[in-house]
Amino acid sequence: MSEEEKLLKEAKKLPWEDRLLHKNWKVRNEANIDLAALCDSIADPKDSRLRDFGPLFKKTVADSNAPVQEKALDALIAFLRAADSDAARYAKEVCDAIVAKCLTGRTKTVEKAQAAFMLWIELEAVDQFLDAMEKAIKNKVAKAVVPAIDVMFQALSEFGAKVVPPKRILKMLPELFDHQDQNVRASSKGLTLELCRWIGKDPVKSILFEKMRDTMKKELEAELVNVTVTAKPSRKIRSEQDKEPEQEAISEVVGPGPTVESSDDAPQEMDEYELVDPVDILTPLEKSGFWDGVKATKWSERKEAVAELTKLASTKRIAHGDFTEVCRTLKKLITDVNIAVAVEAIQALGNLARGLRLHFSGSSRFLLPILLEKLKEKKPTLTEALSQTLQAMHKAGCLNLVDIVEGRAEVTVFGDIRTAVKNKVPLVRSLTLNWVTFCIETSNKAVVLKAHKDYVPICMESLNDGTPDVRDAAFSALAAMAKLVGMRPLERSLEKLDDVRRKKLSEMIVGSEAGVSTNTSSVTVQTSGGSIPSSVASEGAFVRKSAASMLSGKRPVQAAPAIKKGGSVKPGANKKSDGTGQQKSSKPIEPPEDIEPAEMSLEEIESRLGSILQADTVSQLKSTVWKERLEAISSLKQQVEGLQGLDQFVEILIRLLCAVPGWSEKNVQVQQQVIEVITFIASTAKKFPKKCVVLCLLGISERVADIKTRAYAMKCLTTFCEAVGPGFIFERLYKIMKEHKNPKVLSEGILWMVSAIEDFGVSHLKLKDLIDFCKETGLQSSAAATRNSTIKLLGIVHKFVGPDIKGFLTDVKPALLSALDTEYEKNPFEGASAAPKRTVRASESNSSVSVSGLDGLPREDISGKITPVLLKSLESTDWKVRLESIEAVNKILEEANKRIQPTGTVELFGALKGRLLDSNKNLVMATLTTIGSVASAMGPAVEKSSKGILSDVLKCLGDNKKHMRECTLTTLDSWLGAVHLDKMVPYITAALTDTKHGTEGRKDLFDWLTRQLSGLSDFSDAIHLLKPACSAMTDKSSDVRKAAETCINEILRVSGQETVEKILKDLHGPALALVIERLKPSGAFQGGLSESFDSAKAISMGPTSKSSSRVGKSTSNGVMKPGNRAMSSRVVATKGSRTELLSVQDIAVQSQALLNVKDSSKEDRERMVVRRFKFEELRVEQIQDLENDMMRYFREDLHRRLLSTDFKKQVDGLEMLQKALPSITKEIVEVLDILLRWFVLQFCKSNTTCLLKVLEFLPELFDTLREEAYSLTESEAAIFLPCLVEKSGHNIEKVREKMRELTKQIVNIYSASKSFPYILEGLRSKNNRTRIECADLVGFIIDHHGVEISGQLKSLQIVAGLTAERDGEIRKAALNTLATGYKILGEDIWRYVGKLTDAQRSMLDDRFKWKVREMEKKKEGRPGEARAALRRSVRENGSDVAEQSGEVSRSVSGPIITRYNMYFISF
């Protein structure tokens, strides 16, 4: 064996990924060949191997070796034929790789690349395909651009405009028209012509021709002559192919004949409005000076301003916006004295109506009265502009006849029309009726039928008008209505017409109908005359492979035979057609079996029997002696058992037994023998005709009712089920049992059905018919035995289909429902494990399976109930209407028994998707519940119909409300019940990496995933979740990290060791350590990777390691710090070793500075502080930010202690700071805001020891700051003072004392005037002790810093208000504070206390008198003297003398004293 052969042989043992990416090209080539063959052999599109192969192709199709690349494309094509639409998840990467590497290769490579693109489209990956095409056409190499255009041409030509959206292709074409390569230009012209076939010539001309050079326009104009809008799809997407697997075979059976195109396939010109992007005109209008221009005094300036609006609004589609003010301005300009301005304004309105359409409805109704009134003007230019604008409003849908009728006449368009028709100016009346005629002619029949009752009276009145033009307009309107709806609906309304007018009306109707018929006939003649070019007529015989072939002189290549689900023949047998598709296409379908037996006499039966049986056997069967009949039937049984070629005599033998001895036989033994013979024939014959079952079924069902023959009869029925399927037997038995007079036939027959379902399951049954039979017949029976047997039957059905069956039985009596619930408990839902014990031999069983499918219960089509009105209501501006619409959807689901088909639900999901962004959170939660209900009701089909709504559902996890997140998780549970978890993995992976979901949302999602994965034993797709889960291990939130860690454990368990090892190289940080720890016990890590990890671990544990700050572990409070992520405490084997590691690290960091303020940005942090006086508890994200800041600027051992949950370690950390305080003052100042936030956090906790230590440290800290002449910033005060004031009312006296002294200290070093508002806010606290402390502090500030707060003395009325409190201590504190104020201010204090009750004034008078006595005892003078002395000193000597005299008790800055002294002097 050569080295090459040996290499190839060894390579076959490698995994697929290693083989396909092997360095030897021959190994890669053979791997691609083997992969293609394997994909060809896979018959199930859900095969798990296909999910493994999908990610491989993005690399294989980019192979540098051309032959290998070609084989890789063969493998990709085989994979796409074998897969289903789930493969679309890999489309983006693979299509991008094909565009990058395959379109410039050899011809065969390009053709195979194009075939792969077509298969991606077949698998509904159209968006990914077009994304790749947008990149391909920008390639600098023209050789790569032409194939891209050709494949878009093929896609549009074969799949049609419904599958391949023309809008995106239209956007790509303009840049191709000016390409320097002529082949690219020719291909782009061909693609443009193909677009004309699908969406019409006019839209393409309107959108593209203005972007072409004149030469290309002329060339295309010449080519368009030969193009007709007769396009029809020749290929369908995979899901549509599955719906009609027998269409081709049926057409062969029916034979050739005239075919009629369905309405769906009929060519229809697309609305140009839908093909263009909306353009925002409000922004450029604002910049154009429109608003100044319309207010100008010169008419020319006003006209220019409105002309700019007309020009901007002439775009084909205008982006929706607020045009209210624009319309109000135009309404004024319509009545402008200058006709030119008015005409321009009216034309602008017409353009707005065309561009906005339905979004302009409200404005149109607002402007209609003024437009109709303006019709009185006789200027032709103005009249023409008005008519065109009114017509544009109707054609655009802004105004229509239905809306006119449905409202109240006084406030709707109908009222405006009625007013206009009665206008005193004849021109207004006639032109209004002309416009109504136009509206009628351009409306459909249903609208006119609904509106004619309101408009006929108006027209009838106008027939008596004195102006001929008005009468003619009224006749035209009536004729238009009659032409559209016929004369019958109008007969009663037209009874009052005289003969002359009736005759004129009839002539007008006949004339208009004749014109229409003439036009129609001429069109018919032209079409039948063979005007269609021969190239188009023969188009079905050819398939154009290139876009350039659309141009004249280019003949398309001969088409290959159409093949389902691929487009090209696979090597070998087509796996999609094995046993089904190929047989059906090569053989004619057999006609349906005749199941109704014809009558046949006994003589005819005997003549057909011939010599099959012994002559005396039949004669003995006719005997009246039962023993002879018994002997004869026994002999018949032996003869049948020994009969050769039994199949050809099955029907005649069954007919004989039904005739003699027949089902009227009285002898039990003979009956038993007859049933045994029938059972033998049914079980032995290769094909047992259904007509034989029909012959026997009535007699057998009667024998089931007899206890002596019951066992034989039940066995026979079971054999029939094996022969023809239980579905047919059940359908026949329903009618027999329902109509039979013997109740035993019903009750015992139902019991046999119980055993039949146990044996065969429910896959062959029409469960809707079964449930209806049970409800209408079994449960309604007066016989208890029948009801009991029916309950057992429904119980066994529950075993196979689950609790969904309860939805079909909601209208059953409560007593029966309770009995059913008991039965359900006896037969719990087993799902897939409830496998049938018996199988069906007959091929007909396949059709019965497809009736209800393995999905079990029937599903209802609700597309008729999802009306445009309902969808529009979901987008209403009124939240009540939106809620009612959501409830209406829930009601539809209830009516459908929560079992629906996916038909028509795409639009519903689109509307519900919009409600997930609703500003009303209650509506969002209701929408989430509804989405979950729809998913449960729809089942697996929801994955395709939902169009990615799951990603929007997951975004709701980012809400900070717990109820919203819980509702979202409930929706996910419902979704998971409908589809498998692997369908949800791509959406969940994206959600886990999205930081917008917030901490709580990602934590909840990880917890949910953990719960789901814990119930699985093997789930390979879970590996896709590993990377986002590993990324979450470095999250700043400990809750997220903990949840991610638990989830990773489950992912590793269900993914399998081999799968995890493949992506191990992509993992880093703590997640890598966790994965290694999990895999090491199984011996997974051997060799280099394990050694490298062990060496890294050893280095990290060294005491002198420079990277120790990066190695670390999680802190004691569970927070993983950034930069310390290499190993977590999970890696350390024992608690002892972990303690040792901690101490080593503590030693290692002692040499570092306690505070690292090198990169500190205090100003940036302070800008984030919200400055408010009232204290609010810290939120979770604020605590997380604090932890991050402390980890960044505090030494590791310090922040570990301060952030620990152990109060003793926190005390140790404070002691470390206390000892180092004199030497790190400058650093303390830089991080003071962080320290103050930490102190606030401790104040909010309940540990007294730590709190006392904080209150011991803080005075030292503020003394140090005062020595450094540092004053708190406003941001620092806003961080700390609200909390200090609120917590000053602590329930422990010792703590209150320390806080009281600390507050006074802060007032002294900060500023009394700035501290005062915080203390005043404390007077509003809910804590009585806090209010008492704050009242005392107010007295302290007045006594010691009265000058500083003189401008805030009006706040004393808050203190005065406390004198009315019930609590005596609060009143006492308030009175003492006011007494202190009285001492300083004297009688002036009454100016600041506000309005008081007589009782409060009395209390204050008493307290003030007491204060006077106290001052006299202490010889402190009279109240207010100190203030008066200060005033005199300032007047006489100025502020400096007053300050030096000692009258000011505490020195403050000069400017402050001057300011406040001036204030006092003003009194």
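Computed from a prediction, not measured in an experiment: that's the story for all the values here. Each residue takes its place number in the sequence, starting with 1.
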Side chains of [X] and [Y]: does their closest heavy-atom pair fall under 4.5 Å?
{"X": "I678", "Y": "Y712", "value": "no"}
{"X": "Q673", "Y": "S634", "value": "yes"}
{"X": "H740", "Y": "L746", "value": "no"}
{"X": "L653", "Y": "L646", "value": "yes"}
{"X": "T777", "Y": "Y734", "value": "no"}
{"X": "C721", "Y": "V840", "value": "no"}

Salt bridge or not between [X] and [Y]? Use side-chain N to carboxylate O under 4.0 Å.
{"X": "K768", "Y": "D772", "result": "yes"}
{"X": "D84", "Y": "K46", "result": "yes"}
{"X": "K627", "Y": "E631", "result": "no"}
{"X": "R838", "Y": "E722", "result": "yes"}
{"X": "E860", "Y": "R899", "result": "no"}
{"X": "E748", "Y": "R703", "result": "no"}

Residues, nucleotides or ligands: over 12 heavy atoms within 6.0 Å of [X] [atom1]:
{"X": "K775", "atom1": "NZ", "result": "yes"}
{"X": "K738", "atom1": "NZ", "result": "no"}
{"X": "K806", "atom1": "NZ", "result": "yes"}
{"X": "K799", "atom1": "NZ", "result": "yes"}

Below 6.0 angstrom between ring centroids: does that apply to F829 and F800?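 No - the distance between ring centres of F829 and F800 does not fall below the 6.0 Å cut-off.
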Between L697 and V694, does a side chain to side chain contact (heavy atoms under 4.5 Å, CB included) hold up when you go through it step by step? CA-CA 5 Å; L697 206 54; V694 175; 5.9 Å; no
For K637 and E676, what are the C-alpha separation, side-chain angles and deciding distance, and is it a salt bridge (charged side-chain N to carboxylate O under 4.0 Å, His left out)? CA-CA 8 Å; K637 181 180 179 182; E676 284 186 348; 2.8 Å; yes
Sequence neighbours excluded, every pair satisfying side-chain hydrogen bond (donor to acceptor under 3.5 Å, both in side chains) that has a member inside residues 647-663: E651-R655
Without hydrogens or angle criteria, can the side chains of [X] and [Y] be said to hold a donor-acceptor pair below 3.5 Å?
{"X": "K898", "Y": "S933", "value": "no"}
{"X": "D982", "Y": "H980", "value": "yes"}
{"X": "E603", "Y": "S607", "value": "no"}

State the [atom1]-[atom2] distance between [X] and [Y], to the nearest 0.5 angstrom.
{"X": "D821", "Y": "H798", "atom1": "CG", "atom2": "NE2", "result": "8.5 Å"}
{"X": "T719", "Y": "R841", "atom1": "OG1", "atom2": "CZ", "result": "8.5 Å"}
{"X": "D861", "Y": "T903", "atom1": "CG", "atom2": "OG1", "result": "4.5 Å"}

Given the rule in the side-chain hydrogen bond (donor to acceptor under 3.5 Å, both in side chains) test, do E823 and N827 qualify, once you have shown the distances and angles that lead to the verdict? CA-CA 6 Å; E823 193 65 28; N827 297 276; 3.2 Å; yes
Under the criterion salt bridge (charged side-chain N to carboxylate O under 4.0 Å, His left out), I'd like the reasoning laid out for E596 against R732: C-alpha separation, chi angles, the key distance, then a yes or no. CA-CA 12 Å; E596 297 299 335; R732 286 281 169 168; 2.3 Å; yes
Kindly determine whether L613 and L656 satisfy side chain to side chain contact (heavy atoms under 4.5 Å, CB included), including the steps that lead there. CA-CA 11 Å; L613 302 177; L656 174 65; 3.7 Å; yes
May I have the step-by-step check of side chain to side chain contact (heavy atoms under 4.5 Å, CB included) for T786 and L779, ending in yes or no? CA-CA 7 Å; T786 302; L779 294 177; over 6 Å; no
Going through the distances and angles, do L793 and L770 end up as a side chain to side chain contact (heavy atoms under 4.5 Å, CB included)? CA-CA 10 Å; L793 177 59; L770 176 61; 3.9 Å; yes
Mind running side-chain hydrogen bond (donor to acceptor under 3.5 Å, both in side chains) on T718 and W752 for me, showing each step along the way? CA-CA 9 Å; T718 303; W752 170 80; 3.3 Å; yes
